[in-house]
Each structure stands twice: as C-alpha cells, then as structure tokens.
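In what follows, a structure is listed as structure tokens, so that the remarks can point back to it.
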Amino acid sequence: LVGTSRSAARAVREAIQRCGPKLHFTGVLSEDPSLVGREFGGIPVLGGVRQLDSIIEKADVDTVLVGLPYYHPDLPLDTLCDCRVKGILVMDIGGFYEATTQKVLLERIDPEAKISPSYCPVGRVRWALKDLLERVIAALTLLLLLPITAVVAVLVGITSRGSVFVGDRIAGKGGRGTTVYRFRTTERTAGGEERRTRFGRWLAATHIDALPLLWSVLCGDVAVIGPHLERIERSAALRQAFPVHRHRELVKPGLFGWAQVRFPRGTSAEDEREKLRHDLYYIKNMSPLFDLLIVVATALSVLTRRPWG
C-alpha cells in the first residue's frame, strides 16, 4: 500500500474485515516520515513513498495499491509504470475498495470522476428498455394483486380513522419532487399524536403497505431497482452535508436497491454515508445482471430478516 491517507485507512480496514486471511499486506509506504517503523491499520510501515522501487525488489509483491492522489509530489509514477511492465498489478485504492466491499469510497471521488460517464454507464436504449420492462412488471403485478389491494384498502378504512392512502414527497430523478403513496398504517390520537394501528403494524411488517408504490413505477416516477427513496427535504439536507449525494439524482430512486438490501435502516451521519456508498456503487455498476442479483438478494433478506451479503 502506497500512502497513508484517511481513505486508504478505511479501505484497508474494511477489506481486511471482509476478506480475512485471504488478504495479505506485505507493508505500507507512507508520505509521512514520522510513521516509518510504526504500524498503519495493523500493517508495518516499511519506509517512505519514494522507496517503492527498492521495497519491491526485496519483497514478494504482486499488487501495489495507490492510496495517494496521482498528483502528489512524492508519488513515483515512473516506478508505478515499471511495476506494470514487470507484471505487478497497480490498483487505485478506490477501485480496490469497490472490488472488496461492493461500495464506493466517497473520500476518493475526485472532480473528474464526478462528471465521468462511468457513474451512469447505461446508455439511452438500455435505460429505455429497463424503464419499459419495469413498467410492464408493475402493471402485471398491480393487476395480479388487485384483489388483495382492494381487501387491504377496505380493511384500512374500517379498522381506523383517516384516509386509506398517505403520500410522501420524495426526490426523484434530477432532484425533482414527486409524490408516492402507501397504505396508511397510523392514526391520529385524541392528543394529536400519530400512532401505529394494529393492522398497520402487520402491513408494515409484511411490506404490504408499499403496494401502492407500484403505481409510481407505472407512472414512471420511481424504478423497481434503484437508489433508496428519500424524502425531498431530507435529500436537500443530505446534498448540503455530502455534495456527492447529488450523484443519486442521475437515476430514478427504486423500491429495491443495493443500499436497501445490504445496509439496515439508520439516520446518523455515518449511516447516511454508508447508504450513499452502496447507492453510488449501484449507479456506477448498474446492469441487468446486477438488478437480478438485487431481486434475489431482496427475497433472501426478507426471508431471513437480515441484510444480505
């Protein structure tokens, strides 16, 4: 590992947690001379960044991970080129993090990556086919479940006071606000508080309250597979906290997604970063096979009642 940045520390820590003994680090080269002879994430710091050539000659290294910006004055670019000629894999720490954790390293996103087509590799034709297929799936599912939907609507109306459906304003593609609907699962008490009803608890536990969301898919406002749904005011706040959050607006939000299936719900700042890492990984790698994997993983997650992977 070349470089001891914060992004490198996160990548190493999570990669070791995920891969265990299969992953062996020979050592670290640091841009900070004071770290030489110490440990970085449990890995010995063998020397400075400029000593890469001599360290490679002594050690049995098959991969060099670059944890510094490529414009860093101490980074020996010529030596990195020589490594590739010798058959040694040279890999950016961001790519290494994605390969081992299936998430995007937010701290490593540079200005060029923010406008790169790789952040939404699906072309117009494939995107149109994905959209058409998902609308057909939504229409068929709504038709198939129409009797269940009607029964649930009646039961919501007779078991508690209030409207059958409740609407939420969410951030859609391009940051545009759109309204999605669910079956109501709460009622207002005499004191003015919202309380989950007995039937509403069952609806929420079985996710049947989300059936009306299929109408939003049919209308083209929401995808079946995509980044998790976010209330529009919450999305605006997150864009202020994490500028790269607006990358999620490249595609429509989805009922199911990589973040939903891999990471449990949470509202802390670190929880939001973790969900964003998963969402951006999906956008960067979206494909029909990836969508199919998410569908299977979602089914397994619902059956086991725990995050997948």
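In this chain, numbering begins with 1 at the start of the sequence shown.
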Worksheet item: Under a 4.0 Å N-O cut-off, is there an ion pair linking R196 with E187?
Response: no

Worksheet entry | Carboxylate-amine/guanidinium contact D131 K252, below 4.0 Å | yes

Worksheet item: Are side-chain heavy atoms of T63 and I88 found at a separation under 4.5 Å?
Response: no

Worksheet item: So, K130 and E134, do they make that salt bridge, N to O below 4.0 Å?
Response: yes

Discussion item. Against Y282, only a single residue in F290, F256, F263, W258 fulfils ring pair (Phe, Tyr, Trp, His ring centres under 6.0 Å); can you say which?
Written reply: F290

Worksheet item: Is E98 salt-bridged to K284, going by a charged N under 4.0 Å from an acidic O?
Response: yes

Response to the item:
By side-chain contact (heavy atoms from CB on, under 4.5 Å), R273 pairs with (sequence neighbours left out) L106, F242, A269, E270, R277

Fill in: Residues E274, R262: salt bridge by 4.0 Å N-O rule
no

Worksheet item: Is it true that R234 and E272 have a side-chain N and a carboxylate O under 4.0 angstrom from each other?
Response: yes

Worksheet item: Would you say the side chains of E249 and H247 form a donor-acceptor pair under 3.5 Å?
Response: no

Fill in: For R13, all residues meeting side chain to side chain donor-acceptor pair (under 3.5 Å), sequence neighbours excluded
none

Fill in: E193 with R188: basic N within carboxylate O range, under 4.0 Å
no

Discussion item. Within the 3.5 Å criterion, strictly below it, is a donor on S34 or D32 matched to an acceptor on the partner's side chain?
Written reply: yes

Worksheet item: With distance as the sole criterion, is a donor-acceptor pair present between the side chains of R184 and S163 under 3.5 Å?
Response: no

